[in-house]
Number of protein chains: 2
Amino acid sequence: MERGDTLDPLDRFTALPLYQQIKEEIASRIQGGRWSVGQKLPSENELVELLGVSRMTINRALRELTRDGLLVRVHGVGTFVAERRRHASLIQLRDIAEEIREAGKTHRLKVLELERVDADRELARAMALAVDSPVFRLVAVHYQDDVPVLYEDRIVNPALAPGFLDADFARMTATAYLVSIIVPDEMEHVVQAVLPEPRIAAALEIGRGEPCLKLSRRTFKDDDVVTSAALFYPGSRYSLGARYFTDDYRVR
Amino acid sequence: MERGDTLDPLDRFTALPLYQQIKEEIASRIQGGRWSVGQKLPSENELVELLGVSRMTINRALRELTRDGLLVRVHGVGTFVAERRRHASLIQLRDIAEEIREAGKTHRLKVLELERVDADRELARAMALAVDSPVFRLVAVHYQDDVPVLYEDRIVNPALAPGFLDADFARMTATAYLVSIIVPDEMEHVVQAVLPEPRIAAALEIGRGEPCLKLSRRTFKDDDVVTSAALFYPGSRYSLGARYFTDDYRVR
DNA sequence: CAGTGGTCTAGACCACAAT
DNA sequence: TTGTGGTCTAGACCACTGG
């Protein structure tokens, strides 16, 4: 404990749990700048003494703050104020069929292509496979009440989803199907605004001058690429959005 | 315990912590459909007996699965398989100045407007204030190595950030400033692809036909709107992206 | 080696909900 | 009243890190 500042006055008669009070005290010190980035916190045992609570209670507070991104813990070394207070917010992306149905509308899918192809250089790179490896490809358009709202161009790793070509995408979107087969352990997203290529503009029934949201998504399992998808949303008909609670100090 | 299925074979000699093994077993039952939505799980005490571990260990596993969105717990009632497995992914948005600096480039801000205005009907609605209420407005362009990459049009609630007009935005972006004043408890985001208005196209030094990402963001504190911002990213120069680990069973 | 965090236990008391 | 989850304790053993 390098600073001689008294810690906090825990209130044992309030409804607020002790671990919560500890979390708030520590978070407020970090957010107020009284504890700076990289600074080492008192050890669990020191906090036990300072606060007069059991180590399990301290441990829970520190563990949750770590999960919330405010702290970094290193086994055998100590607990530190996390770097880069990446004030970050998160946008949630949902399965489009689910979203359309929850809005009380009808979802329909038109499959344009569903086939096995050999990966060219660009595809091979996106899928982290060798050039000329066989992959599955799905090109489809999603309709909301018969209006096209999403153009999907997806490549799938056949080793991880061998039954993909036989799936019934009218019943279950490709995204949902793949998640039911393999729960990914990592994802990558990029959102861009683009003008659509002629083929995509035609499929979405929009003009070539109308901007589209392009969402590129890759999912991973054990460092293998499960699928790589390019999703095009016409700007005039669709927007990605989310409202959510920043529970506790979720900052990440 | 309504089902007579044996539970899991905990391995006490592996490196994997018991609570992790329990999490995985339960998650796999849910994802495999063997436990269906809304189904009640055995109580903590029942699981203590079934698995031969202490209640704190069970509690940790169930608590984390709840935080990950797979379970719902109701005090005094029980633990249930959560509804709507909204296969969702999250896109992380960061403070642009931080991102530019981390990429080793220079961030610069040009303030176009910084003033107090009276809210018209649309503004009042966005800010959840009365029409003609005074609000603060910031219009600015962010440059990366002298290339414009973001047009920001922001309204701020003067009751919550009275010193906003005097802030030094060259030192700290508006986002960072506001977060340092008030930690929001809720956020709302919408991403759209749009064609820029002439004024915005000019400020970003792009053609009118070039698509932009429009990110609309509102942040809330205790049901008051802290700020409402429209952020325009030229499609050719910027993309929002993130790669992250779907830690554990984070699916939400 | 000593100090750290990671995990686990076997109890305990409480607030809450259903009966 | 009974059973539930929410929290807390005072120990314990371990793996990891640093000197």
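Residue numbering restarts at 1 for every chain, and letters A, B, ... go by the order of the sequence lines. Computed from a predicted model, the values in this text were never measured in an experiment.
Heavy atoms of Leu18(B) sit under 4.0 angstrom from primed sugar atoms or phosphate atoms, though from no base atom.
Distance CZ (Arg63(B)) to C1' (dT7(D)): 9 Å, rounded to an integer number of Å. Computed from coordinates, the Met56(B) CE to dC13(C) P distance equals 16 Å when rounded to whole Å. Here the P atom of nucleotide dC8(D) and the CG atom of Leu51(A) are 12 Å apart, to the nearest Å. We find that CD of Glu64(A) is positioned 12 Å from C1' of dG6(D), with the value rounded to whole Å.
Where Gly52(B) and Asn45(A) each meet DNA chain C at their nearest nucleotide, the meeting point lying more 5' is that of Asn45(A).
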Check the interface with nucleotides 15-19 of chain D: list each N/O to N/O pair with the protein under 3.5 Å, or write none.
from    : atom 1 : to       : atom 2 : distance (Å)
dA15(D) : N3     : His75(A) : NE2    : 2.8

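For Tyr19(A), the side-chain atoms get nearest to dC8(D) when compared with the rest of dG6(D), dC8(D), dT7(C). With dG6(D), dG6(C), dT9(D) as the choices, the nucleotide that has an atom nearest any side-chain atom of Glu44(A) turns out to be dG6(C). When each of dT7(D), dT7(C), dG5(C) is scored by its nearest atom to the side-chain atoms of Asn59(B), the top-ranked nucleotide is dT7(D).
Judged as a side-chain contact (heavy atoms from CB on, under 4.5 Å), and not counting sequence neighbours, the contacts of Gln192(A) are Val190(A), Val194(A), Lys214(A), Ser239(B). For Arg101(A), there are no salt bridge (charged side-chain N to carboxylate O under 4.0 Å, His left out) partners two or more places apart in sequence or in a different chain. Applying the side chain to side chain donor-acceptor pair (under 3.5 Å) criterion to Asp145(B), with sequence neighbours excluded, gives Thr106(B). With sequence neighbours excluded, the residues satisfying side chain to side chain donor-acceptor pair (under 3.5 Å) with Glu44(A) are Arg55(A), Asn59(A), Arg73(A). Applying the side chain to side chain donor-acceptor pair (under 3.5 Å) criterion to Tyr19(A), with sequence neighbours excluded, gives Arg60(A).
Look at Thr57(B) and you'll find a side-chain N or O under 4.0 angstrom from OP1 or OP2 of dT9(C). Between Arg55(A) and the phosphate of dG11(D), there is no side-chain N or O to OP1/OP2 separation shorter than 4.0 Å. For dA10(D), the OP1/OP2 oxygens have no side-chain nitrogen or oxygen of Ser54(A) closer than 4.0 Å. Between Thr79(A) and dT4(C), a side-chain N or O to OP1/OP2 separation shorter than 4.0 Å is absent.
Side-chain contact between His107(A) and His142(A) is present, with heavy atoms from C-beta onward closer than 4.5 Å.
Applying the 3.5 Å distance criterion, the base of dG6(C) shares no donor-acceptor pair with the side chain of Arg60(B).
The aromatic rings of Tyr177(B) and Phe169(B) stand perpendicular to each other, their planes meeting at an angle above 60°, with 30° marking the opposite boundary.
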